[in-house]
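Below is one structure, written out as structure tokens, with a few remarks after it.
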There are 2 protein chains.
Amino acid sequence: MSDDSGMPTPPGHRPRRARPARRPLSADVIVDTGMRVLDAEGLDAVTMRRVAQELGTGPASLYAHVGSKDELYELMHDRAAAQIRLPEPDPARWREQLAEVAFEARRVLASHRDLARVSLGAIPVGPNVLRIAEFQLALLRGAGIPKRIAAMAVDTLAMYVDADVIEGAIFGGGATGPDAERTVHENRIEPIRAYFNALPPDRYPTLVGMVDELVGGTSDERFEFGLDIFLRGIASYAPS
Amino acid sequence: MSDDSGMPTPPGHRPRRARPARRPLSADVIVDTGMRVLDAEGLDAVTMRRVAQELGTGPASLYAHVGSKDELYELMHDRAAAQIRLPEPDPARWREQLAEVAFEARRVLASHRDLARVSLGAIPVGPNVLRIAEFQLALLRGAGIPKRIAAMAVDTLAMYVDADVIEGAIFGGGATGPDAERTVHENRIEPIRAYFNALPPDRYPTLVGMVDELVGGTSDERFEFGLDIFLRGIASYAPS
DNA sequence: TCGTACATACGAACGGTGTTCGTGTCAAGT
DNA sequence: ACTTGACACGAACACCGTTCGTATGTACGA
């Protein structure tokens, strides 16, 4: 990436365009730019106009390479799914490996702000999301889980990961600084605790007696809790 | 509801307004109207302008009663939660009752199109969603489930219901007619099956061998499957 | 009964959105 | 050198959430 800003136009070099040597537009650079905006400002900031502006052009230019905003979102989702690393399959350790993949998928998805909103309720079609599904299905089938159960398990597992990331994204909000956790706690958690504590105890007797447990649990704890229950349940369908 | 359309204005009755005897605007009628639009055309159709138009006024008038569109959405969500019927608590049947509530919540949420998108990732604050939470917590605590586990369980359960309804909403789309199921099958399921069948078997060997199981399972089957696993997992934390 | 004060209603506008159309421009093929 | 076809993009359309200032009807005090 050379930086020619500040250089005057050489004489005789009639600029062939307003922006000389324009970068070739393509679906890839559009998705790239979308990911940059996403990571910096969240999914709602990823608009056609914003991405076009970032590329130094207008929104109409994008539609030659991306069918619609939703299609761009799906391409971004598959791009993110490409970052999910899969271990070498080891059928003997299928439960551990399924948990590994779930954690890894959660980590990657959560690292891209609220991108998970796209994947929840979207039918997996991209090559990378299918790659994950194939891995999980192979693991389950290798463990002797029936087809019907394996199919439902993969669906439910993806749903669980997506939903958890979405829930986590409404807190964090994306600010990942050194004292981000403290700020989040003060600004988000504390008001909720106060609200719950102020609830009428005669109407919600059990709830007000559990405020600490309700607002206190870490997102990681809750994820691991649900994942463990789910995997134990699946294991009950395995032979042996 | 009388119908005075077609009647001329009686002489001497100067209309006090352009729309005589205007109905009083209030948060309640705004939420009512929002629910009507939601049920008819889906959440995306519920815009400030659309609701205002339905009420024969402009969008600015709504802001005297509802703080923002998001607040309207939350009010609508709580209104829907009011329709969830809870059984008489019976601690001895806590597992069955928890399943009952989950099914009932799913039924009600699904009957309002994609309203579930609002509730996923929203902190429960409305009186009606808190009423559900209180019921579930009381049931779990009554069964001897530890506070920490019970808190995570209701969180996860609500998340599961919401995510399932959202996933279901991208199919159905809301069209609930006599032959709706057949149409959905032809227009949505069949293309997906075709796409999966056309996938390269060398890259996705396990997946292409399970197409029927992947696209075939009913939404109800899958929900019951996950719910059963989850409740069995929770039960393992109960004493006895 | 009249005048005033107040809460509500709302027209108009601001700055944004996704998407389409028609035109313009470039580079490769003949 | 000329044609052709793909791509870029300015302008516009029809929406969106939200705010501001003004108009209006009602209730109340004098």
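What you are looking at is a predicted structure, and each value in this text was computed from that prediction instead of being measured.
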Side-chain donor-acceptor pairs of residues 115-128 of chain B under 3.5 Å, sequence neighbours excluded:
{"residue": "R117(B)", "atom": "NH1", "partner": "D114(B)", "partner atom": "OD2", "Å": "3.0"}
{"residue": "R117(B)", "atom": "NH2", "partner": "D44(B)", "partner atom": "OD1", "Å": "3.0"}
{"residue": "S119(B)", "atom": "OG", "partner": "A116(B)", "partner atom": "O", "Å": "3.2"}
{"residue": "S119(B)", "atom": "OG", "partner": "D162(B)", "partner atom": "OD1", "Å": "2.7"}
{"residue": "S119(B)", "atom": "OG", "partner": "D162(B)", "partner atom": "OD2", "Å": "3.0"}
{"residue": "N128(B)", "atom": "OD1", "partner": "R131(B)", "partner atom": "NH1", "Å": "3.4"}
{"residue": "N128(B)", "atom": "ND2", "partner": "D78(B)", "partner atom": "OD2", "Å": "3.1"}

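- Contacts classified as salt bridge (Lys or Arg N to Asp or Glu O under 4.0 Å) and involving residues 59-76 of chain A (residues at least two apart or in different chains) are not found.
- Under the side chain to side chain donor-acceptor pair (under 3.5 Å) criterion, R106(B) pairs with D164(B), S219(B), D220(B), not counting sequence neighbours.
- Between the side chain of E134(B) and the backbone N or O of L207(A), at least one donor-acceptor pair lies under 3.5 Å.
- Not a single donor-acceptor pair under 3.5 Å links the side chain of R49(B) to the backbone N or O of G58(B).
- For the pair L62(A) CG and dA8(D) P, the interatomic distance rounds to 10 Å; values are reported in whole Å.
- A close approach under 4.0 Å does not occur between any side-chain nitrogen or oxygen of H65(B) and OP1 or OP2 of dT8(C).
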Report each atom pair, protein N/O against N/O of nucleotides 17-20 of chain C, whose distance is under 3.5 angstrom.
{"residue": "dT17(C)", "atom": "OP1", "partner": "T47(A)", "partner atom": "OG1", "Å": "3.2"}
{"residue": "dG18(C)", "atom": "OP1", "partner": "M48(A)", "partner atom": "N", "Å": "3.3"}
{"residue": "dG18(C)", "atom": "OP2", "partner": "M48(A)", "partner atom": "N", "Å": "3.1"}
{"residue": "dG18(C)", "atom": "N7", "partner": "R49(A)", "partner atom": "NH1", "Å": "2.5"}
{"residue": "dG18(C)", "atom": "O6", "partner": "R49(A)", "partner atom": "NH1", "Å": "3.2"}
{"residue": "dG18(C)", "atom": "O6", "partner": "R49(A)", "partner atom": "NH2", "Å": "3.3"}
{"residue": "dT19(C)", "atom": "OP2", "partner": "Y63(A)", "partner atom": "OH", "Å": "2.7"}
{"residue": "dT19(C)", "atom": "OP2", "partner": "K69(A)", "partner atom": "N", "Å": "2.9"}
{"residue": "dT19(C)", "atom": "O5'", "partner": "Y63(A)", "partner atom": "OH", "Å": "3.3"}

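- For the pair Q53(B) CD and dC10(C) P, the interatomic distance rounds to 14 Å; values are reported in whole Å.
- Using a 4.5 Å heavy-atom threshold, the side chains of V29(A) and E54(A) count as separate.
- Proximity of residues 27-36 of chain B to DNA chain C (heavy atom under 4.0 angstrom from any strand atom) is not detected for any residue.
- Checked against ring-ring contact (aromatic ring centres under 6.0 Å, His included), F103(A) has the following partners two or more places apart in sequence or in another chain: F223(A).
- Using a 4.0 Å cut-off, no side-chain N or O of T57(B) falls inside it from OP1 or OP2 of dA9(C).
- Side chain of R79(B) to backbone of D28(B): a donor-acceptor contact under 3.5 angstrom is found.
- Note on S61(B): a side-chain N or O is less than 4.0 Å away from OP1 or OP2 of dC10(C).
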